[in-house]
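Here's the structure, in structure tokens; my notes come after.
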Amino acid sequence: MATERVVVVGAGIVGLCVAEALMRDGFDVVVLERAQRERDGASFGNAGLIVPSHVVPLAAPGVLGQGLRWLLDRESPFAVRPRLDLDLVRWGLTFMRSATAAHVVRSAPLLRDLHLRSKALHLALAERLGSAVSAPRCAGVMVVCGGRQALEEEAEIAERAVELGLRAEVLSAADVTERVAGPEVRCVGGVHYLDDAHASPRALMRALQAHLEERGAGLRWDAEVAGFERDGGRVSGVRLRGGEVVAAERVVLAGGVASAHLARSLGAYVPLQTGRGYSVTLDAAEQRPALPLLLSEARVAVTPLSEGVRIGGTMEIAPADRPVDPRRVRGIARSTERFLPGYRAETLTALPVWTGARPVSADGMPYLGPLRRDPRVVIAAGHGMMGFSLGPVTGELVADLVAGRRPEIDLARLAPERFARRAGR
Ligand SMILES: Cc1cc2nc3c(=O)[nH]c(=O)nc-3n(C[C@H](O)[C@H](O)[C@H](O)COP(=O)(O)OP(=O)(O)OC[C@H]3O[C@@H](n4cnc5c(N)ncnc54)[C@H](O)[C@@H]3O)c2cc1C
């Protein structure tokens, strides 16, 4: 049992965490990654937030109205590149149907449990990685509100978080400034979510990758999975572009957005769209906040990392290979300057821009579980804005499924094919 070969498709944060958890269970793990070893995908330039406070899924009431208003503003934090694409239309309709109050209420305790467990696992992982990486800093996250309405809305979310057993404090502008302890902050107040944490995603990815290589995981670069081999209806191998077949007793699809078409080639409907985001990283010693900030109305994250202060935002539903839209970068820069006048918009727009493709599911919740037709294939994708935070718990839960253990967290709401019937499949 313990020497079974598990092929993990994708070496993002999810794939690497899955590989690490499976190796600790004694499986023979091969990770296939289509990019080169020195790559820079979604799991590298993100904001590095570990967020038990994110108890509201992306698909929530209010998000649609706000999204429509933002569509009219070219510098806003949200955009959809319209295109004739049936998958996009189906995904959009499912997303709209999912954005209900009942969905939020049902998802909140699950999100809390997933993030809290993952935070504990992030800390344990950093210990295993030793001096190669700094432990996550448990300073919380400060949501900074520019106006009264935003503060009232955030205070309601904070109340819900407290009801769920999380720690959150609603603060005056003076208290926000004191806790941020660095740059000037223009706001009417904010909420400090004390259970949140942060870490450098790039440092973690590099250390985790090196750790896996040292322990003998077969990490293969430039190895794009193009299809699957079957034996009696069950997957028996993974076919690479070029024709080589890698034998597999189990397969984990952790290919980010590409997991949708890989799943489809196995007859499963797992809707995903690319939610592109941008970030810049500023070497700003004097303007360094003591803890990460989320600039509420701007939907911008400002995280103090070892490599500098990272400023990231925007959700652009568009193919990953589209060129950078300078209007979105300007939007991030200008709104950051409005909240933090020490961060000059012209300085931020002059920095190199990183883009990453968030794998966005059709209800804002990850897909985590086995395929119906072939339970030896497990999907671990669609973490949207939370993949860095949820990487370690995803690894643990996938290892439970592969090893035949009952996961401590009920995964029914994360079933990968939960939309199959609605779409008539
Ligand atoms: C601006 C921005 C800020 C963010 N901030 C945060 C944050 O603060 N906290 C948080 O939790 N999350 C954050 N996120 C989200 C987070 O980055 C993603 O959820 C996460 O990186 C997704 O990880 P993944 O492993 O699922 O996908 P990916 O990182 O995309 O990895 C998938 C891998 O699979 C490979 N692949 C795909 N197809 C194939 C194939 N056919 N064969 C072989 N390999 C294949 C790809 O090359 C890729 O390397 C942010 C994202 C952005 C863009």
Side-chain angles (χ1 to χ4, degrees), residues 7-19 30-37 39-52 54 58 77 114-115 118-119 122 136 141 196-202 204-205 209 219-228 238-241 246 251-263 265 272 274-281 292 294 299-303 305 310-316 320 328 332 353-361 366-368 379-395:
V7 168
V8 179
V9 182
I13 184 71
V14 172
L16 293 188
C17 287
V18 165
V30 173
V31 181
L32 302 174
E33 167 57 55
R34 70 179 170 194
Q36 304 295 330
R37 191 173 194 283
R39 62 209 190 285
D40 199 24
S43 298
F44 289 80
N46 66 61
L49 304 179
I50 299 163
V51 278
H54 276 34
L58 190 59
L114 288 168
H115 284 292
S118 211
K119 178 182 162 188
H122 260 288
V141 164
D196 291 357
H198 67 285
S200 167
R202 201 175 300 277
L204 179 64
M205 286 296 288
Q209 196 167 299
L219 266 68
R220 290 188 52 184
W221 313 109
D222 199 7
E224 180 171 356
V225 174
F228 301 91
V238 165
R239 197 172 355 95
L240 300 184
R241 186 167 299 286
V246 181
V251 174
V252 180
L253 295 186
V257 184
S259 305
H261 83 252
L262 292 170
S265 70
L272 284 163
T274 298
R276 271 204 341 165
Y278 299 166
S279 74
V280 295
T281 305
L294 280 175
R299 306 292 193 273
V300 164
V302 180
T303 316
L305 298 171
R310 177 153 306 149
I311 297 155
T314 287
M315 174 68 86
E316 195 181 30
R328 303 287 154 198
I332 293 174
V353 180
W354 171 90
T355 67
R358 302 179 188 90
V360 186
S361 70
Y367 299 117
L368 207 174
I379 309 261
H383 295 67
M385 304 165 71
M386 311 178 290
F388 180 73
S389 186
L390 296 179
V393 75
T394 304

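The chain is numbered in sequence order, starting from 1. Remember, it's 1-based here, ligands and their atoms both numbered in the order they're listed.
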Should [X] be counted as touching ligand 1, given the test is an N or O pair under 3.5 Å?
X: Asn46; answer: yes
X: Trp354; answer: no
X: Gly15; answer: no
X: Gly41; answer: no
X: Leu262; answer: no
X: Gly356; answer: no
X: Gly312; answer: no
X: Arg39; answer: no
X: Val225; answer: yes
X: Gly387; answer: yes

What do we get for [X] next to ligand 1 when only non-hydrogen atoms under 4.0 Å count, side chain, backbone, both or neither?
X: Ile50; result: neither
X: Met385; result: backbone
X: Ser389; result: both
X: Ala254; result: backbone
X: Ala223; result: backbone

Protein contact of [atom] - nearest heavy atom, named by residue and atom, plus distance:
atom: atom 47 (O) of ligand 1; answer: Glu33 OE2, 2.6 Å
atom: atom 9 (N) of ligand 1; answer: Leu49 O, 2.9 Å
atom: atom 36 (N) of ligand 1; answer: Arg34 NE, 3.8 Å
atom: atom 52 (C) of ligand 1; answer: Arg358 NE, 3.6 Å
atom: atom 15 (C) of ligand 1; answer: Gly384 O, 3.1 Å
atom: atom 27 (O) of ligand 1; answer: Gly256 CA, 3.6 Å
atom: atom 24 (P) of ligand 1; answer: Val14 CG2, 3.9 Å
atom: atom 5 (N) of ligand 1; answer: Ala47 N, 3.1 Å

- Query: Should Ser279 be listed as contacting ligand 1, given a heavy-atom distance under 4.0 Å as the test?
  - Reply: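 The answer is no, since Ser279 has no heavy atom less than 4.0 Å from ligand 1.
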
Only heavy atoms of [X], strictly under 4.0 Å: list the atoms of ligand 1 that pass.
X: Gly10; value: 33 (C), 34 (O), 35 (C)
X: Leu32; value: 43 (C), 44 (N)
X: Phe388; value: 9 (N), 10 (C), 11 (O), 12 (N)
X: Ala258; value: 37 (C), 38 (N)
X: Tyr278; value: 1 (C)
X: Gly48; value: 7 (C), 8 (O)

- Message: Would Ile50 and His115 count as a side-chain contact (heavy atoms from CB on, under 4.5 Å) here? Give the steps.
- Response: CA-CA 7 Å; Ile50 299 163; His115 284 292; 5.8 Å; no

For the pair [X] (side chain) and [Y] (backbone), establish whether a donor and an acceptor sit closer than 3.5 Å, ignoring hydrogens and angles.
X: Ser259; Y: Ala381; result: no
X: Ser43; Y: Ile13; result: yes
X: Ser389; Y: Val51; result: yes
X: Thr314; Y: Gly277; result: no
X: Glu316; Y: Arg276; result: no

- Message: Please compare Ser43, Ala42, Gly12 and report which has the shortest non-hydrogen distance to atom 23 (O) of ligand 1.
- Response: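 Of the listed residues, Ser43 has the closest heavy atom.
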
Closest approach of [X] and [Y], non-hydrogen atoms and distance?
X: Leu262; Y: Phe228; result: O-CE1, 3.6 Å
X: Ala254; Y: Val8; result: CB-CG1, 4.4 Å
X: Leu272; Y: Val257; result: CD1-O, 3.7 Å

- Out of Pro292, Pro201, Pro136, which residue meets the side chain to side chain contact (heavy atoms under 4.5 Å, CB included) rule with Leu49?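 Passing option: Pro292.
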
- Task: Apply side-chain contact (heavy atoms from CB on, under 4.5 Å) to the pair Arg220 and Leu240, showing each step before the final yes or no.
- Result: CA-CA 11 Å; Arg220 290 188 52 184; Leu240 300 184; 3.7 Å; yes

- Item | Distance (rounded to the nearest 0.5 Å) between Arg310 CZ and Ser200 OG |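 Going from CZ on Arg310 over to OG on Ser200, the span is 6.5 Å.
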
- Query: Hey, does Val30 have a side-chain heavy atom less than 4.5 Å from the side chain of Leu32?
  - Reply: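 Yes, side chains in contact.
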
- Just do the ring pair (Phe, Tyr, Trp, His ring centres under 6.0 Å) check on His198 and Phe388 with the steps written out, would you? CA-CA 10 Å; His198 67 285; Phe388 180 73; 10.0 Å; no

- Task: With salt bridge (charged side-chain N to carboxylate O under 4.0 Å, His left out) as the test, would you mind laying out the steps for Arg202 and Asp40 before giving the verdict?
- Result: CA-CA 9 Å; Arg202 201 175 300 277; Asp40 199 24; 2.6 Å; yes

- Item | Over 12 foreign heavy atoms within 6.0 Å of CZ, Arg241 |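 No, because the 6.0 Å sphere around CZ of Arg241 holds 12 heavy atoms or fewer from other groups.
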
- Asp222 bridged to Arg37 by N-O distance under 4.0 Å: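 The answer is no: the pair does not qualify as a salt bridge.
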
- Starting from the C-alpha separation in whole Å, work towards a yes-or-no answer on side-chain contact (heavy atoms from CB on, under 4.5 Å) for Thr274 and Arg358. CA-CA 6 Å; Thr274 298; Arg358 302 179 188 90; over 6 Å; no

